[in-house]
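Structure first, commentary second.
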Amino acid sequence: MSEPQPTEPAPSTGRIPHGPFRPGDQVQLTDPKGRINTITLQPGKLYHSHKGSVPHDDIIGSPEGTVYRSTGGVEYLAFRPLLADFAVRMPRGAAVVYPKDAAQIVAMADIFPGARVIEAGAGSGALSCFLLRAVGEHGLVSSYERRPDFADIARANVEKFFGGPHPSWRLTVGSLEDALTETEADRVVLDMLAPWETLDAVAKALIPGGMVCAYIATTTQMSRVVEDLRNHGAFAEPYAFETLLRTWHVDGLAVRPDHRMVGHTGFLVTARRLADGVTPPVRRRRPAKGAHPAPATDPNPANGLQ
């Protein structure tokens with residue numbers, strides 16, 4: 001079922017991302033040059049750098065956005081790290097899904113509070129954190145990771161960000177095709193080398209109207225997953241795209257795009273699950289010339305190829 005039944009409130013996660021700084025909180029200290037150092041607050045400890053030290057006790061109990069002066073005279077601005085900050089700096093096994101793509105997955109796959117989401121694979125846990133934020137404590141993110149070492153890294157990162165085990169997360173070590181037990185899923189997110197190999201399992205797990213979202217790195221992978229979704233028969237016409245992110249330099253009248261940008265990181269392909277027994281409508285769009293080459297022919301009839 002797509003809508004969760006009323007249940008008792010799930011236990012809250014340990015991390016409180018607002019209010020005064022508390023022991024155990026992660027804090028980003030940013031110096032005047034924009035360099036960021038992340039620390040975990042512990043009573044009696046000191047943050048040390050070549051520019052002096054800042055006592056953790058000075059930070060504990062104060063609000064976010066406070067400035068602290070080190071013993072060397074350098075001022076540091078303190079905030080809790082955002083999820084986007086945490087994701088790009090977390091310890092890694094597999095490459096992380098960058099925030100610009102994670103945001104598109106949450107938006108374009110329509111991950112909603114209370115959703116039942118299947119994720120394969122968990123990687124380093126960055127996307128898992130974004131999905132858990134989106135489904136909330138009454139949804140479910142069921143993540144599958146083939147490699148035990150990656151699963152351990154993902155679990156550690158998720159628990160570090162949320163301050164402990166998240167009540168809506170279930171992590172399974174194994175391949176999606178072999179270990180999948182969930183049914184009635186609202187969304188499936190595939191972050192793997194060959195997502196087309198899982199389409200039969202995905203189709204069985206998704207409810208009608210549910211959505212699959214594949215995150216892939218290359219054009220050949222994108223072409224394969226799009227064509228296989230079209231040919232499978234259980235999905236509507238897929239939608240493929242990528243997102244490019246460019247920041248701007250703004251200083252008085254000097255307003256220009258930055259010389260560096262976050263360009264290609266991956267492609268996203270989404271498709272909706274059709275109802276059982278429904279045949280998707282025939283595509284009316286005329287394909288580009290040469291998109292589907294005709295079989296090769298031999299002009300010499302004696303060779304038997306015509």
Side-chain angles (χ1 to χ4, degrees), residues 4 6-49 51-91 96-100 102-103 105-107 111-115 117 124-141 143 153-171:
T7 59
E8 292 296 322
S12 298
T13 54
R15 181 175 180 269
I16 304 175
H18 55 81
F21 289 121
R22 304 169 182 85
D25 281 353
Q26 296 177 67
V27 177
Q28 287 184 339
L29 297 178
T30 306
D31 69 14
K33 292 185 178 180
R35 291 174 296 201
I36 296 175
N37 291 278
T38 303
I39 64 174
T40 300
L41 293 179
Q42 301 179 55
K45 296 288 185 178
L46 296 174
Y47 163 69
H48 289 282
S49 75
K51 296 294 185 180
S53 62
V54 177
H56 288 206
D57 290 337
D58 288 356
I59 303 175
I60 295 172
S62 61
E64 289 193 73
T66 300
V67 174
Y68 304 93
R69 183 181 295 272
S70 73
T71 55
V74 176
E75 292 184 332
Y76 290 93
L77 179 60
F79 286 104
R80 289 185 178 90
L82 303 175
L83 177 51
D85 301 322
F86 180 80
V88 298
R89 293 181 173 87
M90 64 168 51
V96 302
V97 176
Y98 279 87
K100 76 179 184 69
I105 291 171
V106 169
I111 311 296
F112 56 89
V117 180
S124 295
L127 181 57
S128 302
C129 289
F130 281 96
L131 295 174
L132 288 166
R133 270 278 187 87
V135 304
E137 295 183 351
H138 297 286
L140 174 66
V141 175
S143 301
I153 293 171
R155 182 181 290 106
N157 283 330
V158 170
E159 293 185 1
K160 182 177 181 181
F161 181 75
F162 288 105
H166 196 288
S168 299
W169 193 42
R170 183 164 58 201
L171 177 61

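Counting begins at 1 with the first residue of the sequence. These numbers come from the heavy atoms of this one structure, side chains and all, not from hydrogens, waters or symmetry mates.
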What are the two closest heavy atoms between N157 and P91, and how far apart are they? ND2-O, 2.8 Å

Heavy-atom pair with the smallest gap, counting every atom of E64 and G19: CG-O, 4.4 Å

Please report the interatomic distance OH(Y76) to CD(Q28), rounded to the nearest 0.5 Å. 14.0 Å

F21 versus P63, closest heavy-atom pair with distance: CE1-O, 3.6 Å

Do the non-hydrogen side-chain atoms of I105 and F130 ever get within less than 4.5 Å of each other? no

Out of curiosity, R69 CZ to D58 CG, how far, rounded to the nearest 0.5 Å? 13.0 Å

Begin with the C-alpha distance, continue with both residues' side-chain angles, and end with the deciding distance and a verdict on side chain to side chain contact (heavy atoms under 4.5 Å, CB included) for L29 and I59. CA-CA 10 Å; L29 297 178; I59 303 175; 4.2 Å; yes

Please report the interatomic distance CG(D31) to CD(E75), rounded to the nearest 0.5 Å. 11.0 Å

Can any side-chain N or O of S124 pair as donor or acceptor with the backbone N or O of V96 at less than 3.5 Å? no

Output the distance between atom NE2 (H166) and atom CZ (F161), rounded to the nearest 0.5 Å. 9.5 Å

On a heavy-atom basis, the closest approach of S143 and W169 is OG-NE1, 2.8 Å

Closest heavy-atom pair and its distance - S128, V158: CB-CG2, 4.1 Å

Look at the side chain of Q26 and the backbone N and O of P81, then say whether any donor-acceptor pair between them is shorter than 3.5 Å. no

Are the ring centres of Y47 and Y68 closer than 6.0 Å? no

So, the side chain of H56 versus the backbone of Q42: is there a donor-acceptor pair under 3.5 Å, distance only? yes

Between I36 and R89, does the side chain to side chain contact (heavy atoms under 4.5 Å, CB included) criterion hold? Intermediate values first, please. CA-CA 11 Å; I36 296 175; R89 293 181 173 87; 3.4 Å; yes

At what distance, to the nearest 0.5 angstrom, does CG of D57 lie from NZ of K45? 11.5 Å

Would you give the length of the straight line joining atom CZ of R22 to atom CD1 of I60, rounded to the nearest 0.5 angstrom? 11.5 Å

Taking the side chain from S168 and the backbone from V141, do they hold a donor-acceptor pair closer than 3.5 Å? no

Considering all heavy atoms of both residues, which atom of D25 and which atom of P20 are nearest to each other, and what is their separation? OD2-O, 4.1 Å

For residues F162 and R133, determine if any side-chain heavy atom of one lies less than 4.5 Å from a side-chain heavy atom of the other. yes

Using atom types as modelled and distance alone, determine if a side-chain donor or acceptor of T71 lies under 3.5 Å from a backbone N or O of S53. yes

With a cut-off of 6.0 Å (strictly less than), are more than 12 heavy atoms of other residues, nucleotides or ligands near NZ of K100? yes

